[in-house]
Amino acid sequence: MTDFAPVLKAVVPAAGLGTRFLPATKATPKEMLPIVDKPAIQYVVEEAVAAGLSDVLMVTGRSKRSIEDHFDRAYELEEALHAKGDEERLAAVRESSDLAVMHYVRQGEPRGLGHAVYCARQHVGNEPFAVLLGDDLIDARDALLTRMIEVRQRYGGSVVALMEVEPDQVSAYGCAAIEPTGENDVVRITDLVEKPAAGEAPSNWIVIGRYICDPAVFDVLEKTPPGRAGEIQLTDALRTLTDLPPEDGGGVYGVRFRGRRYDTGNKLEYLRTVVQFAAERPDLADDFVPWLKEFVAGL
Ligand code: G1P
């Protein structure tokens, strides 16, 4: 272990419009859509806390106030449940407000993921920090973020999570050119391209929504021009960091993730995630799974 500063803070960008889920997301943030009975965003905060990051800054925008309410106390509801003696639901209600120390900043203008991360600058200060994107859920049994923090502690610089996908999927993601290190699940990143056109991807390794950023990313983001889709891209800023020397906060590493990731950002994957989580829930599985089998058999 070296003496790199510890990672203590998590940044969760949650300012997107959620247009893929309209009309559900007309007045409800997409981050609040439930996976069974818990909003997707709560799984993300739980993941940060499980990796030791209990200081969570959420970057929100207009119409996102219900996210703040969800992580706050709900006294009237708690009173009502207490009066009914419903301790189980009371515990479920309190769980989200007791989870982490939550902070909020608004993005103001939708200028892209890089800009959303830049909005965290003042809160984060000169420390490395994690970024967790709400569309990607990582199974609680696969400690990806913990491993990424370990890698940052050992190598310094920034760290992204990578997954290998079929070539036809690469253009929906940030994509990395990689070279091996001495460790099987750790690679050095030599190039990053945001949503490359078919045939122009440097590899089949895509960036999934987990990052550990060196604070040097803020100065780089400040100077990063709009890229893909006219937005300031985090991928472009990280690409710049691959060229900087370690003493300037440069160097980007990748952790190859082979665990379970659920992409809740599109309808089909969202539905799969809900079904899968329900089928694994001890309180639902006994009723839900036989019904599901019967339903599918009848299709
Ligand atoms: C963002 C990033 C992209 C990354 C993806 C992971 O894209 O810009 O590099 O691969 O998240 O989910 P988005 O899905 O917000 O378009």
Side-chain angles (χ1 to χ4, degrees), residues 10-45 47 56-71 96 102 104-120 131-138 160-161 163 165-166 168-175 192-198 201 206-211 221 224-238 261-277:
V11 172
V12 180
L17 294 176
T19 48
R20 289 187 207 170
F21 286 90
L22 284 170
T25 49
K26 186 178 171 189
T28 302
K30 68 168 173 176
E31 293 80 6
M32 290 300 291
L33 296 179
I35 309 294
V36 186
D37 51 11
K38 208 193 275 184
I41 196 78
Q42 189 175 332
Y43 291 93
V44 174
V45 174
E47 183 191 337
V56 178
L57 175 73
M58 218 161 267
V59 185
T60 67
R62 284 169 55 77
S63 323
K64 301 281 182 171
R65 212 168 282 167
S66 60
I67 299 180
E68 295 184 37
D69 289 339
H70 181 71
F71 290 104
S96 54
M102 302 295 298
Y104 301 90
V105 64
R106 282 195 177 212
Q107 189 177 4
E109 297 165 81
R111 294 173 60 197
L113 177 59
H115 179 252
V117 170
Y118 188 76
C119 293
V131 176
L132 293 86
L133 305 189
D135 284 349
D136 286 313
L137 297 190
I138 303 296
V160 301
M163 269 187 116
V165 296
E166 294 300 322
D168 64 339
Q169 290 178 40
V170 174
S171 58
Y173 297 97
C175 179
L192 280 166
V193 191
E194 178 67 7
K195 307 202 170 90
I206 57 138
V207 177
I208 57 170
R210 297 295 179 272
Y211 309 79
L221 279 169
T224 301
R228 177 99 199 171
E231 296 187 338
I232 297 169
Q233 297 291 349
L234 181 58
T235 306
D236 293 345
L238 291 167
R261 160 185 174 253
Y262 310 92
D263 175 2
T264 59
N266 71 69
K267 268 179 243 184
L268 188 65
E269 292 286 331
Y270 172 78
L271 288 172
R272 282 188 192 147
T273 306
V274 173
V275 170
Q276 217 164 311
F277 275 50

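No experiment lies behind these values; they were computed from the predicted model shown.
Atom CD of Glu31 is separated from atom OG of Ser66 by 9.0 Å, given to the nearest 0.5 angstrom. The CE atom of Met163 lies 10.5 Å from the CG atom of Asp263; values are rounded to the nearest 0.5 Å. Here the straight-line distance linking atom CG of Leu133 with atom CG of Leu113 works out to 5.5 Å at 0.5 Å rounding. Atom CG of Leu221 and atom CG of Leu234 lie 6.5 Å apart (nearest 0.5 Å). Within the model, atoms SG of Cys119 and CD of Glu109 stand 9.0 Å from one another, a figure rounded to the nearest 0.5 Å. For the atom pair NE2 of His115 and OG1 of Thr224, the computed distance is 12.0 Å after rounding to the nearest 0.5 Å.
Two residues are said to be in side-chain contact when any heavy atoms from C-beta on lie closer than 4.5 Å; Tyr173 and Thr235 fail this criterion. Residues Phe71 and Ile41 form a side-chain contact, since some pair of their non-hydrogen atoms from C-beta on lies under 4.5 Å apart. Residues Leu132 and Glu47 form a side-chain contact, since some pair of their non-hydrogen atoms from C-beta on lies under 4.5 Å apart. Counting only heavy atoms from C-beta outward, the side chains of Leu33 and Thr264 never approach each other to under 4.5 Å. Side-chain atoms of Leu238 and Val207, non-hydrogen and from C-beta on, never get closer than 4.5 Å to each other.
Look at Arg272 and Glu269 and you find a salt bridge, because one of the NZ, NE, NH1 or NH2 atoms lies within 4.0 Å of a carboxylate O, short of that distance.
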Given side chain to side chain contact (heavy atoms under 4.5 Å, CB included), test Val45 with Met102 step by step and report yes or no. CA-CA 9 Å; Val45 174; Met102 302 295 298; 4.2 Å; yes

Apply ring pair (Phe, Tyr, Trp, His ring centres under 6.0 Å) to Phe277 and Tyr43, showing your working. CA-CA 12 Å; Phe277 275 50; Tyr43 291 93; 5.3 Å; yes

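Within the 3.5 Å criterion, the main-chain N or O of His70 finds a donor-acceptor partner in the side chain of Ser96. Panel note: side chain Thr60, backbone Ala15; no donor-acceptor pair is recorded below 3.5 Å. Checked by atom type and distance alone, the side chain of Lys64 pairs as donor or acceptor with a backbone atom of Gly16 at under 3.5 Å. At distances below 3.5 Å, at least one donor-acceptor pair connects side-chain atoms of Thr25 with backbone N or O atoms of Gly18. In this structure a side-chain-to-backbone donor-acceptor pair under 3.5 Å is missing from Arg261 to Leu137.
Of all heavy-atom pairs between Leu22 and Lys26, the closest is CD2-N, 3.6 Å. Taking all atoms of both residues into account, the shortest heavy-atom contact from Ile67 to Tyr104 is O-OH, 4.0 Å. Smallest separation of non-hydrogen atoms from Ala120 and Val11: CB-CG2, 3.7 Å. Heavy-atom minimum distance, Val170 versus Cys175: CG1-SG, 3.6 Å. Taking each heavy atom of Met58 and Ala14 in turn, the nearest pair found is CG-CB, 4.2 Å.
Sorted by first and then second residue, the ring pair (Phe, Tyr, Trp, His ring centres under 6.0 Å) pairs with a member in residues 23-42 form an empty list; sequence neighbours excluded.
Atom CZ of Arg106 has more than 12 neighbouring heavy atoms from other residues, nucleotides or ligands inside a 6.0 Å radius.
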Which donor-acceptor pairs under 3.5 Å do side chains of residues 225-233 form with protein atoms, sequence neighbours excluded?
residue: Arg228; atom: NH1; partner: Lys195; partner atom: O; Å: 3.0
residue: Gln233; atom: NE2; partner: Arg228; partner atom: O; Å: 2.9

